[in-house]
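Input: a single structure, listed below in structure tokens.
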Amino acid sequence: MTVVDLGDRVGTALTTALLVASPMVSSESLDQFAGNALLITLWLATWCIWGFTTVFAAQRRVWVSGPTLVLLALVGWMSWNTLILLWAEEGDLRLAVHGMWNWVGLAAVFFLCGQYFVTDRQRRAICAVMVGVAVTLAAHACFQSVYELPLARAEYARDPTAALLHAGVDAPPGSPERTLYESRLASPDATATFALANSLAGFLTPWMILLCGMLVLPSTTSQVRTSGARETARRLVCAALCCLLGLGIALTHSRSALVAVGCGMLGMACRFWYERRPHAWKAWCAGTVALSVLFLGVSLSVLPSDLIANAAKSLRYRLEYWQATVQLIVDHPWRGCGLGQFQDYYARYQLPAASETVADPHHFLLEVWATAGTPGGLLVLGFLGSWWWHLRRRAGPTVGHDQPDHDRLEWWIYGGALVGLAIALLAGFLTGFVPHLFLFIGGAPLGALSVCALRSWVREGQLPWYLPAIAAGALLVHLMTAGGIAFPGVAGSLWLLMVLSIAIAAPLPPRWCGLSGSVVVALAALFLALACRQTALQPSIHMATMLQSADRLGQRSWEERLAGRVESSDRMRAAAMDQYRAAVEQSPFDAAPWWHQAWLAQTYWLGTQDEADRLQFRQFLRGALRRQPHSATAHLQVGLQYLRMYRSSNDARDLQAALDAWSRAVQCQPNRASLHAHLAWAQHLAGQASAAADSAQHALDLDDQHEHQERKLSRLTLADPGVEQRWDGVQAPGPEEKSAEALMESIARGGDQ
């Protein structure tokens, strides 16, 4: 075996493994990025393997299409935009870096899928493997709905505090976070390994469309005559798998996915009609309209009325998100708000009636436009236009061109799928979200059986260009009302299907990569892999461990101080501060070490009232806010910390600091009633009766403009420590136990609290 052959086999296996692992790793949050960072580093390492392999090849064919070049331009613009943010130190830079690496990883997915899946048989094999992954996750969704979610609800009902601690959620009673957690726990939506039900539905949708094509379209059957029993068995298997994937989508209760599946079905029906009568375009158009009307009518008559009503409400929420996002784009037209910054900037434009402060606008084009500016939005349109142009300009009849030497890689694709399960497990340990054991002992074997059942299709069937194209189009329909364009677990399927549709429909002329080009590509990929490891993977892995160790040392140091062992306490505190400083050096863009240092300084100050501890506390909070300048939540937290100090010291400086922090929080999110309520309470404590009455009335007005019960002031209490036990035994007064609404009504009337 030559070096080139070995490189092709390893690269094919790794590409398959990473495609399999991506949907099994929760990728919706840029905060929990360790798992994503591992996958991205491995993608870049695979790209590096491809580059170095070309060095040893006499002539190496490179698959580069128009969409590839446009996607690379888009990622380049996003990376440049992120570097500008880093240079200007503007926004949450840690999330910006994580968002940049997400898109770099997606570019690697698109490029490598074109390089390694080069024959029809390999393409059918990777499709069969991804169908197996979809079956695995659909089975996990069923298990989750039947067993896992009911068990979690029972445990929470039995002991809410223990359940919250086990879930890693800090949500005191009456807080919006606790209300949101309880509403999500009560939700019947299945998520499998994803954090959001819409993400799971988005992943399952295209592979269900592909399976339906294998079941229905005659062009996907083998050109070789097969027995009727064998063909019937194949169709029965496809039908059973379609039912399972359909059940998985139904359990997510994702209306956008149902619409996407319906559009995909219509697309396949229209294509089938067109293939039968390609010149009867009038009949084809009329049939398309008729099928659309029929699908809409059946949906409205069959679906429950409450589901349709909720769909209208969900669409109204989307329109609220989009309206605020458009205003954000108008105010930041050139560079956008930056990758990872959308939620903080969106809060400033959020409508009073909007349901939540979303992390993305639930529309793939608006998301890229808002975060990467007008150039990013135009490049996305150019990417889609280039993809469509390739399909329309060069699409022709599907002709098999299997190459026996390359088709040996089919078994490396299957082996890579097994490696992908191990990578997913490792990434789960890194993120702290280890998939349930059922995924590996129940779902994965079922997925493997489905791959085995599709072996006859892989060996003898066909994959027409329009089948992955329609599946990708259905996913794009879903992404028009749901987030996920930057989630590797969802977007990976989109890139793979787009690559397959172009490669089958529009075979590109051979382009050869010379020695110098191979070296440049390999070194660039190596540099990116090392940079990702240094700036994303390593900090994400070590940060939590370092902070936990430092927190333990800080807690022990305070316990030593209480026991009167001052020397031991000082030594432990110095060790804790050394670890905090090491965490800052490890991830200079992360605010978490600064928050933890502020906690330790405040703990000491509450016990000693030492002015040096107060100065340290202020310094650490400034360091945290410098890294989260536009976060209303961060400023709210700062105000709470200062209010706690005020309750202990009765020092006007602390109350003024809390007032300033909450004023800044209101500026960052002006249409949030609870923030105005906190500001009104601080103004009331400061004796600013007129300003407090205005803020309280504004909070009540905003509260009347939305219908979301979890955010209603009547269900919330103000976050005030109330009575604190000072170090000298004196108690400071706190507010009465009233709902935020009652308290605001009292302040607005100018009454006594």
Side-chain angles (χ1 to χ4, degrees), residues 28 30 74 77-78 81-82 84-85 88 90-93 95-96 99 103 176 198 256 312-382 384 476 479-486 628-636 662-677 679 695 698-699 701-708 711:
E28 290 92 325
L30 293 178
L74 173 62
W77 167 253
M78 289 179 167
N81 207 4
T82 302
I84 293 177
L85 283 179
E90 178 183 347
D92 193 326
L93 303 183
L95 297 184
W103 279 96
N198 266 334
S256 59
K313 184 185 297 185
S314 178
L315 180 59
R316 177 166 59 84
Y317 293 163
R318 298 301 194 272
L319 293 176
E320 292 169 352
Y321 304 156
W322 299 342
Q323 182 179 344
T325 303
V326 169
Q327 187 59 49
L328 188 158
I329 293 171
V330 170
D331 289 347
H332 303 82
W334 177 242
R335 289 176 40 229
C337 62
L339 296 177
Q341 314 302 305
F342 179 83
Q343 190 167 39
D344 287 345
Y345 277 82
Y346 170 82
R348 185 169 299 176
Y349 302 93
Q350 181 181 355
L351 301 181
S355 59
E356 58 179 319
T357 309
V358 291
D360 61 75
H362 293 65
H363 191 290
F364 71 92
L365 179 58
L366 289 179
E367 179 178 351
V368 177
W369 199 346
T371 56
T374 301
L378 293 177
L379 286 170
V380 168
L381 292 176
L384 296 177
L476 285 173
L479 294 178
M480 290 179 66
T481 55
I485 190 62
Q628 294 178 308
H630 306 298
S631 172
T633 303
H635 290 285
L636 174 64
W662 284 342
S663 297
R664 179 59 179 158
V666 167
Q667 293 174 12
C668 292
Q669 194 168 9
N671 290 329
R672 192 65 176 263
S674 60
L675 295 180
H676 285 275
L679 178 61
S695 297
H698 195 183
D701 292 341
L702 289 174
D703 194 52
D704 291 336
Q705 295 182 43
H706 71 87
E707 58 186 22
H708 311 290
R711 287 176 46 204

For Trp662, side-chain hydrogen bond (donor to acceptor under 3.5 Å, both in side chains) partners two or more places apart: none

Check for a donor-acceptor pair, side chain of Arg318 on one end and backbone N or O of Thr481 on the other, with a separation under 3.5 Å. yes

Closest non-hydrogen contact found for Met480 with Trp322 is O-CZ2, 3.3 Å

Nearest heavy-atom contact between Leu381 and Leu365 is CD2-CD2, 3.9 Å

Is the Tyr345 ring parallel, tilted or perpendicular to the His630 ring (thresholds 30°, 60°)? tilted

Residues in side-chain hydrogen bond (donor to acceptor under 3.5 Å, both in side chains) with Ser663, at least two apart? none

Is the side chain of Gln341 donor-acceptor paired with the backbone N or O of Leu339 at a distance under 3.5 Å, no angle test? yes

Nearest 0.5 Å, what's the CG-SG distance between Asn81 and Cys337? 9.0 Å

Determine the minimum heavy-atom distance between Pro670 and Ala347, stating which atoms define it. CD-O, 3.9 Å

OG1-CZ distance between Thr357 and Phe342, expressed to the nearest 0.5 angstrom: 10.0 Å

Are Trp334 and Thr374 close enough that a side-chain donor and a side-chain acceptor fall under 3.5 Å? no

Any side-chain heavy-atom pair of Tyr349 and Val330 under 4.5 Å: no

Tell me the salt bridge (Lys or Arg N to Asp or Glu O under 4.0 Å) pairs involving residues 328-349, sequence neighbours left out? none

Testing Gln343, Gln323, Glu356, Gln669 for side-chain hydrogen bond (donor to acceptor under 3.5 Å, both in side chains) with Gln350, which one passes? Gln669

Classify the ring geometry between His698 and His676 as parallel (under 30°), tilted (30 to 60°) or perpendicular (over 60°). tilted

